[in-house]
Number of protein chains: 2
Amino acid sequence: MHRVRVRVVEDALDANNTIARANRDDFDRHGVAVVNFMGAPGAGKTALLERVLRDLGDVRPGVLEGDVQGSMDADRLAGLHVPVTQLNTGSGFGGECHLDANMVRSAIPDLPLHDIDLLVIENVGNLVCPAEFRVGEDVRVMVHSVTEGEEKPLKYPLMFRACELVLVNKVDLLPHLDYDVDRFLRNLEAVHPGVEHLLVSARTGEGVAAWRDWLAGIARSVAVEAPA
Amino acid sequence: MHRVRVRVVEDALDANNTIARANRDDFDRHGVAVVNFMGAPGAGKTALLERVLRDLGDVRPGVLEGDVQGSMDADRLAGLHVPVTQLNTGSGFGGECHLDANMVRSAIPDLPLHDIDLLVIENVGNLVCPAEFRVGEDVRVMVHSVTEGEEKPLKYPLMFRACELVLVNKVDLLPHLDYDVDRFLRNLEAVHPGVEHLLVSARTGEGVAAWRDWLAGIARSVAVEAPA
């Protein structure tokens, strides 16, 4: 019985990975770098995109917005004159708490892949399930807000392991919090040794230039690998 | 095909509700009031429990801690000399992102139901799936941190609808945020008209007395209904 259950889960993840590879092939064919952008609700994902998307030099960005319901984040980003596609997970039930490869696949016909170099897929706000499902991305970036507490890597280790960059956001609030950055970084290193991180504030702009350069660098490195 | 899929989901929720009712019967038989305590990661659920559990007068509390992994919150609460039982959802896969009735059922033999009047079930930090699964509770309370932004009721409506009380936490940070409490309350009213709320700060203690009285009141009202 136990083995049967595990097998079902493995098959579900296998199917997801198969579709994720198909998505990745489509993105590669267009020379589009793809970032799976994750974090808890309210960590500041949309605000950190607003800060940099207009400012990527020759890199032309697009966004795929994943939300249970509504288009509030997409509406915010559309004001930047960046192509934004909305993907809602909320049909029936209470809504899916994450994006999976098949949901992203269903959105591909609506993405302007010929006109962009970088696609940021903003996932549903959640520190558990989004980390379990590849969607066809090149890299995964997560946003952690200092208001969430230093112990979060130990409580949600898969999420902190499943990314190439951790943005530590809202550092402007540090003087008003009992939050020890060094303790957070020790916890992060314990679950994901050597992972890159940047201290940022979407509100004040601290660290935003480094975040912008990191994102532009990802787009350029993928473009170099893409077929001519 | 579509109808078959919906039927499967209904059956899964039906099974959950059946088990939730069995849990509820067990709790009622012992005269124990049960609170399903929900919120995003880092909203301050554990901190708000730390503030009140020692101070409930003649109400004897216990806690069931739901986490993907680890026992950090349970360890914090055990320092209060309150009975705490740990329930981890992280076997295999990346861990379940919510508690369901069957997980809570599996913990019942380990709960000191004869020695408590109030059981607080701290759910996994998540604004989506915990709202979909009853676990046998009398009431549901959710914690929203002002650092998450005023639009959260519109983005995660099921969670804000599925509770009898919303604790608006970290109000000590309001002077340092671009957060409009009135706008949040209008958004909350739009998705859940008339729901109770309390403005609180686990850090400064603001509003904590009202939260404590609300929680003690729930325990006393359920005790009155319980069989002698």
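Numbers restart at 1 for each chain; the letters A, B, ... are given by sequence-line order, proteins then strands. Nothing here was measured: the structure is a model prediction, and the numbers come from that model.
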*Under 4.5 Å heavy-atom distance to chain A, tell me which part of B:Lys152 shows up: side chain, backbone, both or neither.*
side chain

*Using non-hydrogen atoms and a 4.5 Å limit, figure out which bit of A:Pro175 sits close to chain B: side chain, backbone, both or neither.*
neither

*With distance as the sole test, does A:Lys170 use its side chain to make a donor-acceptor pair with the main-chain N or O of B:Thr147 at under 3.5 Å?*
yes

*Does A:Tyr156 reach the main-chain N or O of B:Val68 with its side chain, forming a donor-acceptor pair under 3.5 Å?*
no

*For chain B, which residues of residues 192-200 of chain A have at least one non-hydrogen atom nearer than 4.5 Å to it?*
none

What is the distance from atom [atom1] of [X] to atom [atom2] of [Y], rounded to the nearest 0.5 Å?
X: A:Leu177; Y: B:His176; atom1: CG; atom2: NE2; result: 9.0 Å
X: A:Cys129; Y: B:Glu96; atom1: SG; atom2: CD; result: 7.0 Å
X: B:Thr46; Y: A:Lys155; atom1: OG1; atom2: NZ; result: 5.0 Å

_Heavy atom to heavy atom, less than 4.5 Å: which residues from residues 70-82 of chain B reach chain A?_
B:Met72, B:Asp73

_Heavy-atom pairs under 4.5 Å with chain A: which of B:Met159, B:Arg203, B:His98 has the most?_
B:Arg203

_Shortest non-hydrogen contact from A:Gln69 toward B:Pro157_ = OE1-CG, 3.3 Å

